[in-house]
Amino acid sequence: MTYKSFLIKYAEIGVKGKNRYLFEDALVKQINQRLKRHDGGFLITKEQGRIYAEASEEYDYDEVINALQHVFGIVGICPMVQIENKDYENLKEEVAKYIDEAYEDKNFTFKVITRRADKNYPVISDQINRDLGEVILTRFPETKVDVHNPDVTLHVEIRQKINIFSETIPGPGGMPIGTAGKAMLLLSGGIDSPVAGWMVAKRGVTIEATYFHAPPYTSERAKQKVVDLAKLVAKYTGPIKLNIVNFTDIQLYIYDQCPHDELTIIMRRYMMRIAEEIAKESDCLALITGESIGQVASQTMPSLAVTNEVCEMPVLRPLIAFDKQDIVDISVKIDTFETSTLPYEDCCTIFVAKHPVTKPNIKRIKKSEEKLAEKIEEMMKTAIETREIVRCI
Ligand code: ATP
Ligand code: MG
């Protein structure tokens with residue numbers, strides 16, 4: 001069966017009161033952007049708590065479902081038949097046709113649920129349920145009614161037009177991108193940060209990203225891996241502006257001047273400082289990292305506190321209490337796992353000390369950082385100014 005249109009269900013955004021239209025408009029915009037790249041010439045419309053996508057030409061069904069399954073805010077996608085001729089006899093005919101085309105094997109139990117939003121419609125819902133049930137039973141004698149646990153629930157919605165559908169394909173949930181401001185993701189080539197970015201984006205936050213690159217210690221391939229990850233996350237978030245900061249000189253300077261067991265933590269403090277500068281320029285309201293308590297030395301509670309100390313903006317750490325396996329499970333689900341586990345080094349792994357501090361002392365760290373006073377401000381400025389920007393789609 002070829003469906004011409006889809007009913008798009010959203011949940012949370014339904015409860016936003018007066019601002020509801022803002023959320024609906026954001027969702028319509030996201031759907032439009034995502035379907036623009038597919039054939040079908042989709043027309044997206046809103047009607048009281050409903051969003052419809054209607055194709056005006058042929059399209060690839062699987063591709064379109066896949067695209068919609070990447071749009072935050074959607075909880076369900078219902079391929080539907082929408083009929084304009086609301087005449088009762090015509091409705092019966094259309095329902096019979098729908099069942100005939102949608103289900104090759106008619107050996108199923110079913111139930112009809114009608115919602116009559118158009119109160120002027122001459123027949124009440126209960127009667128419609130019974131009549132349509134009758135039509136299906138008569139035309140397809142293999143079918144049976146089961147009102148408690150049916151295989152097929154046929155929904156009939158009487159509105160401006162009539163919607164007929166019986167299948168709901170799950171969407172990703174969350175809130176539409178563009179409804180919650182923007183945040184800067186510190187994106188590395190690892191498993192965690194792409195998942196962290198995806199999670200925050202799922203709440204409607206627009207994502208920009210910063211990657212710290214340390215050539216020649218980190219390879220072009222490591223950089224490409226981060227670009228690829230940003231592209232994978234962008235399938236959900238829409239285009240991501242990726243700032244690639246050359247961190248080599250700063251890293252070497254820290255390496256020369258500071259105790260090696262403090263290297264990671266000091267490096268991380270400079271990453272946060274630089275990311276926050278770029279974030280301010282881009283009107284971001286927060287930073288996002290993939291940190292999780294206790295995962296590595298730089299993510300113990302004391303280390304997190306010392307890293308956090310340099311930030312003025314809120315730092316969102318959506319994975320903070322997640323076990324690694326839970327993070328891996330999400331990365332598999334969102335399709336970043338395979339790319340994240342390619343072997344190329346990232347810039348932290350190259351300079352790590354054998355025994356990094358796990359309980360850094362903020363006073364001592366600040367003291368060590370004083371040794372960088374002469375050149376570090378200038379180096380940070382250069383790193384920010386010379387950054388490369390890649391638009392990841
Ligand atoms: P990930 O899997 O995200 O790389 P990780 O477990 O390797 O995380 P760390 O290397 O300690 O942990 O990094 C913690 C967080 O710091 C990362 O999740 C990421 O947000 C940020 N980060 C680390 N390295 C970089 C980098 N080279 N560029 C940008 N952000 C980075
Ligand atoms: Mg990492």
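Below, each value reflects all heavy atoms present in this structure, side chains not excepted, and no hydrogens, waters or symmetry copies. All ligand and atom numbering here is 1-based and tracks the order in the structure.
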Q: Just jot down the ligand 1 atoms closer than 4.0 angstrom to any heavy atom of Gly190, in number order.
A: 1 (P), 2 (O), 4 (O)
(Q) Using a 3.5 Å cut-off on N or O atoms only, is Arg268 in polar contact with ligand 1? (A) yes
Q) Do any N/O atoms on Gly290 end up under 3.5 angstrom from N/O atoms on ligand 1? A) yes
Q: Please state which part of Thr210 comes within less than 4.0 Å of ligand 1, counting heavy atoms only: side chain, backbone, both or neither.
A: backbone
Q: Would you check whether Leu186 has a nitrogen or oxygen atom less than 3.5 angstrom from a nitrogen or oxygen atom of ligand 1?
A: yes
(Q) Please tell me whether Arg130 and Gln127 have a donor and an acceptor in their side chains that are separated by less than 3.5 angstrom. (A) yes
Q.
How long is the straight-line distance from CG of Leu304 back to CD of Glu291, given to the nearest 0.5 Å?
A. 5.0 Å
Q: Any atoms of ligand 1 less than 4.0 Å from a non-hydrogen atom of Tyr211? List them with their elements.
A: 27 (N), 28 (N), 29 (C)
(Q) Given 3.5 Å as the limit, does a donor-acceptor pair link the side chain of Arg203 with the main chain of Thr179, or not? (A) no
Q: Supply the atom-to-atom distance Phe72 CZ to Thr237 OG1, rounded to the nearest 0.5 angstrom.
A: 7.5 Å
Q.
If the cut-off is 4.0 Å to any non-hydrogen atom of Val296, which atoms of ligand 1 fall inside it?
A. 11 (O)
Q | Side-chain (Asn243) to main-chain (Tyr211) donor-acceptor, under 3.5 angstrom | A | no
**Q.** Salt-bridge criterion met for Asp118 and Lys86 (N-O under 4.0 Å)
**A.** yes
**Q.** Pairs satisfying ring pair (Phe, Tyr, Trp, His ring centres under 6.0 Å), at least one member in residues 286-305, at least two apart
**A.** none
Q: Measure centre to centre between the rings of Phe42 and Tyr59, then say whether the value is under 6.0 Å.
A: yes
Q.
Between Tyr98 (side chain only) and Ser166 (backbone N and O only), is there a donor and an acceptor less than 3.5 Å apart?
A. yes
Q. Salt bridge check: are Lys223 and Glu388 linked by an N-O gap of less than 4.0 Å?
A. yes
Q: For ligand 1, note which part of Ser193 has a heavy atom under 4.0 Å away: side chain, backbone, both or neither.
A: both
(Q) Below the 3.5 angstrom mark, is there an N/O of Ile191, backbone or side chain, next to an N/O of ligand 1? (A) yes
Q: Just jot down the ligand 1 atoms closer than 4.0 angstrom to any heavy atom of Ser298, in number order.
A: 11 (O)
**Q.** Geometric N/O contact Asp192 with ligand 1, under 3.5 angstrom
**A.** yes
Q.
Checking the N or O distance criterion of under 3.5 Å, is ligand 1 in contact with Ser188?
A. yes
Q | Distance filter under 4.0 Å to Gln295 heavy atoms, resulting ligand 1 atoms | A | 6 (O)
Q) N/O of Phe212 under 3.5 Å from N/O of ligand 1, yes or no? A) yes
Q. Can a donor-acceptor pair be found between the side chains of Ser188 and Ser193 at a distance below 3.5 Å?
A. yes
Q: Report yes or no: does His213 have a heavy atom closer than 4.0 Å to ligand 1?
A: no
Q: May I ask you to identify, for Leu187, whether its side chain, its backbone, both or neither come under 4.0 Å of ligand 1 on a heavy-atom basis?
A: backbone
Q: Ignoring angles and geometry beyond distance, decide whether Thr289 reaches within less than 3.5 Å of ligand 1 through its nitrogen or oxygen atoms.
A: no
